[in-house]
Student: 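Structure provided below as structure tokens; questions to follow.
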Number of protein chains: 2
Amino acid sequence: MELNERKLRILQAVIDEYMGTAEPVGSRVISKKNNLGLSSATIRNEMADLEEMGFLIQPHTSAGRIPSDAAYRYYVNSMMKRYKIGVKTIEQLQLALEQKINQLDSIIKKASHITSALTDYTTIITTPELKSNSIKKCELVSLSGGCSLLIIITQAGIVKNKILTLSLDDASAALLGEIINKTLCGLCTNDITFDKIQSMQNEISQRLDLSPKALINILDFIYEAIEELDDTDIYIENEKSILKYNDIEKAQKMFTFLEDKKNLKKLIKGDPNSKVNIKIGSENKVEELKDCSLVTVNYSLNNKTAGQLGVIGPKRMNYAKVVASLNCISEHIDKILYQMYIGESGE
Amino acid sequence: MELNERKLRILQAVIDEYMGTAEPVGSRVISKKNNLGLSSATIRNEMADLEEMGFLIQPHTSAGRIPSDAAYRYYVNSMMKRYKIGVKTIEQLQLALEQKINQLDSIIKKASHITSALTDYTTIITTPELKSNSIKKCELVSLSGGCSLLIIITQAGIVKNKILTLSLDDASAALLGEIINKTLCGLCTNDITFDKIQSMQNEISQRLDLSPKALINILDFIYEAIEELDDTDIYIENEKSILKYNDIEKAQKMFTFLEDKKNLKKLIKGDPNSKVNIKIGSENKVEELKDCSLVTVNYSLNNKTAGQLGVIGPKRMNYAKVVASLNCISEHIDKILYQMYIGESGE
DNA sequence: TGTTAGCACTCAATAAGTGTGAGTGCTAAA
DNA sequence: TTTAGCACTCACACTTATTGAGTGCTAACA
């Protein structure tokens with residue numbers, strides 16, 4: 001059987017109605033609200049067909065029908081109209097994002113906040129995975145309490161600081177810092193191998209009086225810090241919106257699910273080749289998301305995927321609006337990241 | 001009427017039972033479970049008295065009774081027995097906390113995590129308010145994209161980095177950094193007035209070619225950074241536990257309430273003179289907490305209150321256990337903070 | 001005089017029965 | 001092909017017992 005024009009319009013009407021009301025939709029409502037010029041009986045026949053084809057589901061005999069996962073998929077693929085975000089909204093979010101233009105995690109948090117405000121669904125965002133953080137400066141400072149502080153600054157202004165339990169006087173700390181800086185400054189994090197770190201060994205042992213064990217510790221520590229520099233964070237906002245479309249038990253399971261950040265990071269990474277990824281209901285392999293939809297976008301730096309921004313909501317969410325919002329915000333992130341990392345080189 | 005020995009034991013029994021079951025407690029249960037050697041009728045009489053005295057509440061005529069806020073208050077003040085935390089648990093948390101001994105916010109997050117695991121209630125914790133952060137080093141680094149990065153390091157290893165939208169070449173950045181460092185190094189944050197910052201003005205304008213406006217901006221910016229160094233953060237963990245003792249609507253209100261971090265910071269600051277603070281039900285002035293209890297402890301550095309750790313749970317929570325857990329964890333925090341900030345000066 | 005067995009009473013919670021109405025599928029006529 | 005009409009279904013809301021945990025009161029008892 002074919003999805004002819006009429007069936008399509010009816011399917012569209014059912015989806016629209018269900019998105020608004022979250023109640024099963026009957027043939028009478030479709031016949032009245034949409035001037036298709038058809039009686040409820042005709043629509044009833046068509047809806048029976050649509051059910052047979054797997055696009056509609058009847059919760060029970062005397063109820064209306066709700067869209068199936070397949071219907072949403074069809075809708076998203078072929079029927080969805082472009083949603084236009086209001087000029088005012090765009091201006092507002094532009095303003096909000098550009099206020100904090102210089103602090104990476106502030107931008108990411110802000111972006112998440114805006115997304116959650118715009119969609120009113122749970123928002124997930126990762127900090128960018130910058131595989132090539134260029135190191136601007138390294139420094140070692142001696143602290144009270146027998147500790148030293150290693151600071152690594154990247155070209156783009158990301159600061160990694162990590163405390164080493166090693167007692168050094170100010171002079172030794174400065175000296176060691178100088179050696180580290182000399183060795184690593186200007187390099188990209190993904191070019192720094194452990195061999196590179198180890199190449200400092202000789203110079204350090206010549207110029208500083210350290211036990212072999214302490215030396216190894218220091219080298220390991222530096223390597224760790226460099227690796228951690230590439231770590232991404234993940235932020236979740238507006239978890240409470242889950243309560244709007246789930247009962248307590250399901251909500252609890254969702255909350256528990258959202259605690260596993262590692263898993264979430266994996267999950268939110270959709271297909272890196274398509275900007276937007278939509279997973280509807282059982283398309284999510286994870287049990288906890290079986291009756292949710294996950295919409296994510298990749299934001300990028302220099303045309304390479306850098307991180308993800310996404311939204312978890314009910315299957316009956318307004319996909320058009322969510323996709324438009326995510327696109328809009330990710331584009332802004334792209335712009336800001338470009339400014340931060342590539343800079344206005346032209347000027 | 002007096003709260004004689006027998007009434008006391010009955011009240012205790014009701015509270016105990018209710019803490020376990022969360023169901024109104026009847027006279028029969030008390031008479032059977034606790035071998036007071038009294039019939040249910042006698043207990044009934046006593047319970048009627050206790051209700052009259054305001055310690056028990058009857059939800060409806062044919063129901064058992066539940067403890068009132070006053071009962072919990074009486075219990076907490078006079079009846080609560082010391083809860084002993086298992087040696088194993090203590091060992092475990094000691095281990096967990098000391099793993100991350102050197103990164104301030106890691107410790108605070110870890111402490112929050114442990115508290116939530118131990119009590120299974122929503123945990124709130126603030127980072128310490130260190131009114132006297134001694135500045136170890138200041139630095140200014142030029143970045144790509146027309147920005148500069150100000151880094152301030154304290155004696156204890158707290159790093160504050162803040163990006164300034166001012167384009168400087170490496171040399172100027174280093175020079176400006178040097179001036180800032182010379183002026184502020186060794187000072188305590190609360191000794192730094194704006195006058196102090198302004199005292200750099202002359203030297204900066206002499207040695208660097210900056211517009212007057214840019215100069216003012218820089219000074220403001222530095223002052224801001226210093227002020228922010230004293231800012232405290234607040235972390236919330238295990239919000240989902242709210243769903244265990246609240247219906248969806250109340251839970252939603254609670255979630256919204258917990259979003260206002262500023263308000264929360266104020267709220268969690270109990271009496272600084274007593275280590276533990278317990279607010280039961282309507283003792284909380286805030287509407288949203290009217291049927292919760294908030295238990296907080298002050299943790300301290302050098303015998304001065306530095307921050308708070310607290311738990312929000314149902315009024316029927318196990319106060320003894322919560323207080324013991326909070327005490328235990330805060331003592332560990334105290335120890336670690338001491339090591340970090342005062343150091344093993346004796347050695 | 002305090003304690004307790006006994007009994008009538010209360011009332012939330014549960015179960016069982018009963019409409020109601022929104023919705024259906026099918027049929028037959030337009 | 002469409003649609004009016006009709007019998008049918010079934011969740012939901014409503015009403016009406018039924019149950020049982022708990023009470024307060026009274027009178028008898030130690």
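Computed over heavy atoms, backbone and side chain alike; hydrogens, waters and symmetry mates excluded. Numbers restart at 1 for each chain; the letters A, B, ... are given by sequence-line order, proteins then strands. Computed from a prediction, not measured in an experiment: that's the story for all the values here.
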Student: Let me know the distance between CZ of A:Arg28 and C1' of D:dT3, rounded to the nearest Å.
Tutor: 15 Å
Student: Residues of residues 58-71 of chain B with any non-hydrogen atom less than 4.0 angstrom from an atom of DNA chain D: list those, numerically ordered, please.
Tutor: B:Gln58, B:Thr61, B:Ser62, B:Ala63, B:Gly64, B:Arg65
Student: If you define the side chain from C-beta out and look only at heavy atoms, does anything of A:Ile85 sit under 4.5 Å from A:Ser325?
Tutor: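 Result yes, sub-4.5 Å side-chain heavy-atom pair found.
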Student: Let me know the distance between CD1 of A:Ile43 and C1' of D:dT1, rounded to the nearest Å.
Tutor: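 Interatomic distance, CD1 of A:Ile43 to C1' of D:dT1: 15 Å.
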Student: Is there side-chain contact between A:Tyr75 and A:Leu11, with heavy atoms separated by less than 4.5 Å?
Tutor: no
Student: Expressed in angstrom and rounded to an integer, what is the separation of A:Glu46 atom CD from C:dT24 atom P?
Tutor: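 Checked: the CD to P distance equals 13 Å.
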Student: On DNA chain C, does the nearest nucleotide to B:Ser40 precede the nearest nucleotide to A:Ala41 from the 5' side, or the other way round? Give the residue.
Tutor: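 Upstream on the strand: B:Ser40.
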Student: Picking from D:dT2, C:dT3, D:dT23, which would you name as closest to the side chain of B:Met47?
Tutor: D:dT23
Student: Got a sec, which residues hit side chain to side chain contact (heavy atoms under 4.5 Å, CB included) with B:Ser78, two or more places apart in sequence or on another chain?
Tutor: B:Tyr74
Student: With B:Ser31, which residues qualify under side chain to side chain contact (heavy atoms under 4.5 Å, CB included), at least two apart?
Tutor: B:Ser40, B:Ile43
Student: I need the A:Lys7 NZ to A:Leu56 CG distance, nearest 0.5 Å.
Tutor: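 Interatomic distance, A:Lys7 NZ to A:Leu56 CG, rounded to 0.5 Å: 11.0 Å.
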Student: Distance check needed: C:dG23 P versus A:Leu50 CG, whole Å only.
Tutor: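 Rounding to the nearest Å, CG of A:Leu50 and P of C:dG23 are 17 Å apart.
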Student: Can you measure B:Ile30 atom CD1 to D:dT23 atom C1' for me and round it to whole angstrom units?
Tutor: 15 Å
Student: Rounding to an integer number of Å, can you tell me how far B:Leu36 CG sits from C:dG2 P?
Tutor: 18 Å
Student: From CG of B:Asn45 over to C1' of C:dA5, roughly how many Å is that when rounded to an integer?
Tutor: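 Roughly 13 Å, once rounded to whole Å.
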Student: Is there a residue in residues 18-27 of chain B whose heavy atoms reach under 4.0 Å of DNA chain D, and which residues are they?
Tutor: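 Going residue by residue through residues 18-27 of chain B, the ones with a heavy atom under 4.0 Å of DNA chain D turn out to be B:Gly26, B:Ser27.
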Student: Which pairs count as side chain to side chain donor-acceptor pair (under 3.5 Å) when at least one residue sits in residues 253-262 of chain A, sequence neighbours excluded?
Tutor: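 Every side chain to side chain donor-acceptor pair (under 3.5 Å) pair that includes a residue of residues 253-262 of chain A, provided the two are not neighbours, is A:Glu259-B:Lys240.
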Student: What are the two closest heavy atoms between A:Glu46 and A:Ile10, and how far apart are they?
Tutor: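 Residues A:Glu46 and A:Ile10, closest heavy atoms: CB-CD1, 3.6 Å.
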Student: Just the rounded figure in Å: distance from C1' of D:dG24 to CG of B:Asp49.
Tutor: 13 Å
Student: How long is the gap from CE on B:Met47 to CD on B:Gln58, to the nearest 0.5 Å?
Tutor: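 Here the rounded value is 8.0 Å.
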Student: For A:Asp16, give me all partners under salt bridge (Lys or Arg N to Asp or Glu O under 4.0 Å), at least two apart in sequence or on another chain.
Tutor: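 Salt bridge (Lys or Arg N to Asp or Glu O under 4.0 Å) list for A:Asp16, sorted by chain: empty.
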Student: Can you tell which of C:dT3, D:dA4, C:dT24 lies closest to the side chain of B:Arg6?
Tutor: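 When the side chain of B:Arg6 is considered, C:dT3 is the closest of C:dT3, D:dA4, C:dT24.
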